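Beneath this line is the structure, given in structure tokens, with notes to follow.
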Amino acid sequence: MRTWMSRCSAAALGSLLVVGAVRAQDGAAAPAPSTAQLDGLLGQLAKTGAAAWDARVEALRAAATAATNEAAAHRKSAEASQAQAKAESEAAKAIEAEAGRLGALRELLASMKFRDPAGQGEAAASPQGQLEAALAKIGALPAEVWQGRTKAMLDQVAARNAAAKAKTEEAASLVAKAKEHDARAAALGAEIEKLGKLREMVAGLKIDLLATAAPGSAKAGMAEASAAPAQAMVAEAAPAAPAAAPAPAAAPAPAPAPDAMKVQPENEADLLTYDDHLFPIFEEFCVTCHDAVDAEGGLDLSTHAAALQGGGSGTTLRPGNPDASRLYLLVSHKEKPTMPPDEPRIAAEKIEAIRKWIAQGAPKDMERAKALAVERAAAKARAAAEAEARTASPGEVQAVMPDGVPPVAKAYPERPGAMRAIAASPGAPLLAVPGFGQVLLVHAGDLREVGVLPFPYGPVEVLTFAADGTMLLAAGGAPGRQGGAVLYDVRTGAERGRFGEQRDAVLSAGVSAHGELVAVGGTRRRVEVFRVADGRALWQGAHDDWVTSIALSPDGRLLASGDRTGKLIVREAANGREVHVLTGHEGGVSALAFRPDSGLLTSAGADRTVRAHAMKDGREAWKQTVHGDAVLCLTWRSEDRLLSGGADGRVVHWKVDGGREPDLPRLGEWVYGVAAPPVADAENRAFAVDWSGRLAVLDLASRKVVAERVLLAVVE
């Protein structure tokens, strides 16, 4: 029988567990190693809750982020040192050239023999007389004077060259340090992957099958290890971030733990197990090619433990996340090669059973299924308590305006064309609107342009600021040709990274509160989430159709994505774990927006509806059909006011309970984007962009259009 030990060194794991137990005893003498102790520690590890594993991952991520930041700081210092070295070197060359010219001047003067009799006879005050007197005096200077001047200049050359060399060496040292920090960040990233694999393996352990001693010995081992809970081991083993690294933004204070008596897990009838429900499906369709004798591709589905191990290409099941489980994706024909090979897809109810079983944690038997159900219920109750306790978005919003954005020539198309997006900074009077293969930065007060950012993929489909105001994300592209997303530093205009490059336009994108994560979606029918620090893909979440909208919650916890079928999925932003699957839209989900406190998610779609969903339980808080055509955009301007725009040319001003403010004037064309900067000098204004390429300014108090601009029009 294969065991998880075939994937992991048993000796290494045993050493890690024993070390953790010794550390947890606060210096007490370590007991003699024994198999009972191993059994006990494995039991503790298997019982460790998701919070402890997640804390370990977050500690590793914090250390990796700190290392990446240190590397960036060293590189920036190296660039400054290199620039100083170049300046010193250029100054040395200039002085050396001047010394050469001085020598040539001396030689030329020495060769001049003619003396102007007329000049000598002129008065000393006349220009001709002064010239002749100066030539005579300079020609009479001794050689030591010339040599002294030349030596002083050459000494300056030597000093400048020495300074340039020192700065060059300093830059090389800083680059070397940056590489060391890069290596540390990469190593920590590898540790995170290993921890994920270990967590999956542990989830599949059947502790009572590991003990081989006499009855009762395993229980004794459990008691023996009770002094060293796995949580303590996980916390102790987490690497510390460098002292000089900036501390990550503080997360909101956790809500109180839910009362265990109030936790209501699913009904037993809804729980699925490998033994009772999945093995019959695998036996009918899979084990002919995937059993212990003939494990095609290294995959054996004839036992629960073997199924969790995966095949030759890696882990096939990710308990809790069917969209990241290759087994489900192949059987449902969402990825290739489809399974069973060269046969029609198996019945929909069997595919749904596989998906649901994986989502429930892929338990072996009913005992484990019940335990996982209690864990899910407790986690859901905690999430509800946190949503209830959350009163404001974490982190301070910064008033960041462009300062030193490199000059970029503005490109004008033959005709303005549609503006398909607009974004407002959450802390500064700044708007971002699409240009022609560019992003235009506009002052929200007087609509003057304050910067132009190049966008390499063509048309801009999405613009969104990070919740803290420091970063701007643009996404889009040319359909069937190229697409991607670019993250910019708002202050400097510098690119922080490019993400999700593909041979089609990116249709939706989002950025986390402080610019740590970027998510993209489109025709590939999945959400892809990337870590900005190193550009690595963190996770993918599948959809049934094109992903047309994405939003990340301001508190950094959740990511919502909607597709062309009307399905809306809310996942944990850090790992892709599914939180809510929301249905109701009878057409594509065109826009998503979280309320600033992250407790409410609003969605809009082709069915003309605007809907609000409570994040504590996923229930629909309200639904309204006011627009006469598809609703195309949404934005929250405060915690109690929302704006929407649609293909009917209307901008609607909503209250938090689904009620409406008095009507605003129609704009006439399809409204693709709305924005409302939450700053004092623009608190009563909203901005909208439309199909004709027009930017309109609406005064929400007077309910009038107070200004209009076509930013891409050539004004003579």
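Counting begins at 1 with the first residue of the sequence. Keep in mind it's a predicted model, so treat the numbers as computed, not measured.
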Charged N to carboxylate O under 4.0 angstrom, Arg160 versus Glu90?
no

Between Phe687 and Leu431, is there a side-chain heavy-atom distance shorter than 4.5 Å?
yes

Dump the intermediate steps for side chain to side chain contact (heavy atoms under 4.5 Å, CB included) on Met401 and Ser425, then the final yes or no.
CA-CA 9 Å; Met401 289 292 287; Ser425 168; over 6 Å; no

Would you call Asp446 and Arg448 a salt bridge, using N to O less than 4.0 angstrom?
yes

Could you tell me whether the side chain of Ile138 reaches within less than 4.5 Å of the side chain of Leu109, counting heavy atoms only?
yes

Relative to each other, are the rings of Phe499 and Phe530 parallel, tilted or perpendicular (30° and 60° limits)?
tilted

Lys/Arg-Asp/Glu bridge criterion (N-O < 4.0 Å) met for Glu79, Lys76:
no

4.5 Å side-chain heavy-atom contact, Arg526 and Glu528:
yes

Strictly below 4.0 Å, N to O, side chains only: are Glu88 and Lys86 in salt-bridge contact?
no

Note: Gly469 and Val490 closest approach over all heavy atoms is O-CG2, 3.8 Å

Is the shortest heavy-atom distance from the side chain of Leu695 to the side chain of Ile422 under 4.5 Å?
yes

So, Asp534 and Arg531, do they make that salt bridge, N to O below 4.0 Å?
yes

So, are Glu98 and Arg101 salt-bridged, with charged N and O less than 4.0 Å apart?
yes

Considering residues, nucleotides and ligands other than Arg496, do more than 12 of their heavy atoms fall under 6.0 Å from its CZ?
no

Checking the side chain of Ser512 only, and the main-chain atoms of Leu517 only, is there a donor and an acceptor separated by less than 3.5 Å?
yes

Between Ser561 (side chain only) and Val527 (backbone N and O only), is there a donor and an acceptor less than 3.5 Å apart?
no

Tell me if a side-chain donor or acceptor on Ser173 pairs with a main-chain N or O of Glu169 at a distance below 3.5 Å.
no

Looking at Lys177 and Asp182, is any side-chain nitrogen of the basic one under 4.0 Å from a carboxylate oxygen of the acidic one?
no

Check: His443 side chain, Gly445 main-chain N or O, donor-acceptor pair, under 3.5 Å
yes

Measuring from atom CZ of Arg420 to atom OH of Tyr672, what distance do you get when rounded to the nearest 0.5 angstrom?
4.5 Å

Please report the shortest heavy-atom distance between Val532 and Gly515, naming the atom on each side.
CG2-O, 3.2 Å

How about Ser508 and Glu461: do any of their side-chain heavy atoms sit closer than 4.5 Å?
no

Looking only at atom types and distance, does a side-chain atom of Glu180 sit under 3.5 Å from a main-chain N or O of Ala178, one as donor and one as acceptor?
no

